[in-house]
Amino acid sequence: MESNIMIQVDVARLKEHIGQKVTVKGWLYNCRSKGKIHFLQVRDGSGTVQGIIIKGVLPDAEFEHVGKLGQESSLEVDGTVREDTRSPTGVELDVTAVRPIQDVKDYPIALQEHGPDFLLQNRHLWLRSRKQHAVMRVRSRVELAIRQFFDNRGFTLVDAPIFTPSACEGTTTLFEVKYFDEDKAYLTQSGQLYMEAAAMALGKVYCFGPVFRAEKSKTRKHLTEFWMLEPEIAYGTLEDVMDLSEALIVHLFTEVLNTCKQELATLERDLTKLEDVARGGFPRITYHEASKLLATMDTGFVHGNDFGAPDEQALAQHFGRPVMIHRWPAEIKAFYMKRDPADPTLALGVDLIAPEGYGEVVGGGQRAEDLQFLLDQIKAHQLPQEAFEWYLDLRRYGTVPHAGFGLGLERTVAWITGREHVRECIPFPRMLYRIYP
RNA sequence: UCCCCAGUAGCUCAAUGGUAGAGUAGGUGACUGUUAAUCACUUGGUUGUAGGUUCGAGCCCUACCUGGGGAGCCA
């Protein structure tokens with residue numbers, strides 16, 4: 001009699017069970033048959049293992065049936081774990097029993113190249129593919145590392161609202177929703193203003209959640225719904241923001257390098273690129289310096305303007321590393337930015353541009369803490385003052401210098417994983433003209 | 001909103017204006033170490049839609065639809 005002490009084991013932990021009989025519960029990634037041997041690639045979410053079935057071990061009818069199971073058939077497999085140098089993971093499973101849960105025919109996503117439209121239409125199934133699986137694991141790891149980073153530095157997580165009564169910055173287009181009877185609400189585009197309030201209560205805070213942009217952007221760097229991390233520091237300065245964002249990026253890259261080796265290998269990511277970022281020491285240049293640099297390049301840049309995509313690309317390429325650009329002309333930055341005391345035409349803002357074309361990953365700076373200055377700015381930008389009264393209260397009751405930044409999660413994950421497009425870096429991307437599935 | 005590109009088998013793609021094809025998936029069979037296995041046979045089509053030019057249109061023209069890339073704006 002076979003014993004009943006069979007234990008269910010995650011594929012990722014099979015190495016700890018060499019020589020033991022185990023059960024793996026998962027899905028059939030692929031099945032190759034060599035006549036009297038079947039090779040089953042079984043994935044269970046934690047990894048993939050190859051199961052070997054030799055004719056004679058199972059009754060013939062069962063052996064035939066297993067050989068005809070389609071891709072993504074769900075099944076339970078019993079077998080003995082065996083060390084095998086031929087396996088990429090070092091172990092194989094000598095299968096003694098297969099219990100199909102569902103026999104699948106015509107799984108839509110074949111083991112071949114597919115176009116983006118087809119894959120996005122089948123995003124719910126595409127997630128099962130090796131590379132997408134790896135990206136999701138890295139994303140999860142990055143989110144964890146973000147939480148750890150801020151927790152270790154004494155920050156408090158403060159969740160920002162998603163419904164907001166009006167624009168946070170008044171620039172980008174917002175998604176409008178009906179809020180009961182006649183009222184309108186908007187989906188937040190940033191939690192920053194709320195974090196400023198939270199920082200006055202808790203000192204060092206951050207929020208991390210989805211934000212929404214109704215801009216009709218159709219590029220590989222844009223989503224209409226994406227996740228943004230926004231720390232805010234009471235008594236913080238522009239320098240603090242630059243130091244903190246660099247330390248964060250270094251931490252994220254280091255963590256992923258240390259804990260996601262398998263995933264990065266699956267994604268065929270060039271590790272030397274990541275290791276370079278993990279060393280830190282990002283160049284920091286002023287807008288004025290960047291402008292001089294661009295003058296020697298041929299991007300059509302005009303001093304005083306914001307950088308366009310070609311300018312950003314040229315700067316990123318010139319340094320080949322993440323580069324921080326700070327002290328921007330005030331008129332092209334948001335109303336709440338503090339002016340540089342050394343030159344009031346400049347705003348104390350900073351953007352971090354990633355190399356390899358991933359664009360602006362971090363944007364932030366020091367906030368204006370002076371009440372009268374903000375009142376003037378709101379008037380100059382023709383913003384409705386009554387909507388900002390609560391924000392102005394922060395300058396009426398114990399105002400202090402403070403600073404913060406925002407980091408786009410999907411751009412960061414795309415950068416780390418080397419993906420061409422941010423849509424692969426969020427489980428279910430929401431984009432212009434695409435909200436299915 | 002603007003510019004560029006593409007829509008042919010379930011999927012990935014071919015096809016000088018002249019009989020619509022391959023690979024893969026699906027089906028049938030062979031094979032005891034395969035790594036997207038291989039080999040043989042086989043099912044599968046309103047060429048995105050509507051017009052137009054032509055003896056003849058997958059191919060040329062117009063409009064529309066869908067998708068992709070980019071600009072602007074942003075993370």
> Between B/C74, B/G68, B/G70, which nucleotide has the shortest distance from any of its atoms to the side chain of A/P116?
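When the side chain of A/P116 is considered, B/G68 is the closest of B/C74, B/G68, B/G70.
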
> Does B/A6 have a Watson-Crick or wobble mate here (both distances under 3.5 Å), and if so which one?
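The base-pairing partner of B/A6, which may sit in any strand shown, is B/U66.
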
> Under 4.0 angstrom, heavy atoms only, what part of the nucleic acid is A/G115 near: base, sugar-phosphate, or nothing?
sugar-phosphate

> On the nucleotide B/G70, are OP1 or OP2 found under 4.0 Å from the side-chain N or O atoms that A/R220 carries?
yes

> Between B/G48 atom P and A/D117 atom CG, what is the distance in whole Å?
14 Å

> May I have the distance from A/Y433 (atom OH) to B/A6 (atom P), rounded to whole angstrom?
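Distance check: A/Y433 OH to B/A6 P gives 20 Å.
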
> Does OP1 or OP2 of B/U32 have a side-chain N or O of A/K34 closer than 4.0 Å?
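For B/U32, neither OP1 nor OP2 has a side-chain N or O of A/K34 closer than 4.0 Å.
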
> Could you pick out which residue, A/N30 or A/R82, lies toward the 5' side of RNA chain B when each is mapped onto its nearest nucleotide?
A/R82

> Using a heavy-atom cut-off of under 4.0 Å over every strand shown, decide if A/V211 touches base, sugar-phosphate, or nothing.
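The residue A/V211 makes no contact with any strand.
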
> Let's test this: given Watson-Crick or G-U wobble pairing with both distances under 3.5 Å, identify the partner of B/G17.
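With both distances under 3.5 Å required, B/G17 matches none.
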
> Quick check with a 6.0 Å cut-off and a 45 degree axis cone: is A/R147 positioned over the face of A/F150's six-membered ring?
no

> When only distance counts, do a donor and an acceptor, one from the side chain of A/E92 and one from the base of B/G33, lie under 3.5 Å apart?
yes

> Let me know the distance between CG of A/L432 and C1' of B/A71, rounded to the nearest Å.
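Result: 14 Å.
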
> Counting side-chain heavy atoms from CB outward, which of B/C74, B/G10, B/G33 is closest to A/R411?
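Of B/C74, B/G10, B/G33, B/C74 is nearest to the side chain of A/R411.
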
> Which of these nucleotides, B/U32, B/C11, B/G72, is closest to any side-chain atom of A/A309?
B/G72

> Categorize A/G359 for me: base, sugar-phosphate, or nothing, with a 4.0 angstrom heavy-atom threshold over every strand shown.
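If one applies the 4.0 Å heavy-atom cut-off, A/G359 turns out to touch nothing in the nucleic acid.
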
> Any strand is fair game: report the nucleotide pairing with B/A30 by Watson-Crick or G-U wobble, both distances under 3.5 Å, or none.
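Check on B/A30: paired to B/U38, both distances under 3.5 Å.
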
> Considering only NZ, NE, NH1 and NH2 on the basic side and carboxylate oxygens on the acidic side, decide whether A/R99 and A/D78 come within less than 4.0 Å.
yes

> Using only side-chain N and O atoms of A/H222, determine if any of them is under 4.0 Å from OP1 or OP2 of B/G70.
no

> Does any nucleotide pair with B/U46 by Watson-Crick or G-U wobble geometry, both distances under 3.5 Å, and what is it?
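For B/U46, the partner nucleotide comes out as none, under the 3.5 Å rule.
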
> Which listed nucleotide (B/G68, B/U34, B/A75) is nearest to the side chain of A/L120?
B/G68

> For RNA chain B, whose closest nucleotide is more 5', that of A/S33 or that of A/S217?
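Per heavy-atom nearest nucleotide, the more 5' residue is A/S33.
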
> For B/U1, which nucleotide is its Watson-Crick or G-U wobble mate, given both distances must be under 3.5 Å?
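Across any shown strand, B/U1 pairs with B/A71.
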
> Looking at A/R284 and A/E289, does any basic side-chain N land under 4.0 Å from a carboxylate oxygen?
no

> I'd like to know if the side chain of A/T266 reaches the main chain of A/Q262, judged simply by a donor and an acceptor atom lying under 3.5 Å from each other, with no hydrogens or angles considered.
yes

> How are the rings of A/H303 and A/F301 set to each other: parallel, tilted or perpendicular (split at 30° and 60°)?
perpendicular

> Under 4.0 Å, heavy atoms only, any strand: does A/D306 hit a base, just the sugar-phosphate, or nothing?
sugar-phosphate

> Please pick, from B/C11, B/G72, B/U32, the nucleotide with the shortest atom-to-atom distance to any side-chain atom of A/E215.
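Ranking B/C11, B/G72, B/U32 by closest atom to the A/E215 side chain puts B/G72 first.
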
> The side chain of A/R434 lies closest to which of these nucleotides: B/G72, B/G10, B/G68?
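Nearest listed nucleotide: B/G68.
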
> Between the base of B/A75 and the ring of A/F226 - centre-to-centre under 5.5 Å, planes within under 30° - is that a stack?
yes

> Grab the CZ-P distance between A/F118 and B/G7 for me, whole Å please.
18 Å

> Check whether any side-chain N or O of A/K218 sits under 4.0 Å from OP1 or OP2 of B/C3, and answer yes or no.
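False: A/K218 side-chain N/O out of range (4.0 Å or more) of B/C3 OP1/OP2.
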
> Angle between ring planes, A/Y391 versus A/F335, binned at 30° and 60°: parallel, tilted or perpendicular?
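A/Y391 vs A/F335 ring planes: perpendicular.
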
> Hunt down the Watson-Crick or G-U wobble partner of B/A57, both distances under 3.5 Å, from any strand shown, or write none.
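B/A57 is paired with nothing.
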
> Is A/E360 side chain donor-acceptor paired with the B/C74 base, going by distance under 3.5 Å alone?
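Per atom types, no contact qualifies.
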
> Let me know the distance between NZ of A/K333 and C1' of B/A75, rounded to the nearest Å.
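After rounding, the gap between these two atoms is 11 Å.
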
> Hey, does the side chain of A/K105 come within less than 4.0 Å of B/G26's phosphate (OP1/OP2), counting only N and O?
no

> Please report the distance, rounded to the nearest Å, between CD in A/Q112 and P in B/C13.
9 Å

> Find the distance A/K221:NZ to B/G72:C1' and express it as a whole number of Å.
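Atom NZ in A/K221 sits about 12 Å away from atom C1' in B/G72.
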
> Under 4.0 Å between a side-chain N/O of A/R423 and OP1 or OP2 of B/G69, yes or no?
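Indeed, a polar side-chain atom of A/R423 lies that close.
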
> Rounded to whole angstrom units, what separation is found between the OH atom of A/Y107 and the C1' atom of B/C11?
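My rounded result for the distance is 13 Å.
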
> Which nucleotide in the list B/G70, B/G68, B/U34 gets nearest to the side chain of A/Q50?
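Out of B/G70, B/G68, B/U34, the nucleotide with an atom closest to A/Q50's side chain is B/U34.
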
> Mind telling me whether A/F155 and A/Y206 have parallel, tilted or perpendicular rings, with 30° and 60° as the class edges?
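Correct class here is perpendicular.
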
> Describe the nucleic acid contact of A/L407 in one word from base, sugar-phosphate, nothing, applying a heavy-atom distance below 4.0 Å.
nothing

> If you measure from the Lys or Arg side-chain nitrogens to the Asp or Glu carboxylate oxygens, is any gap between A/R321 and A/D276 under 4.0 Å?
yes

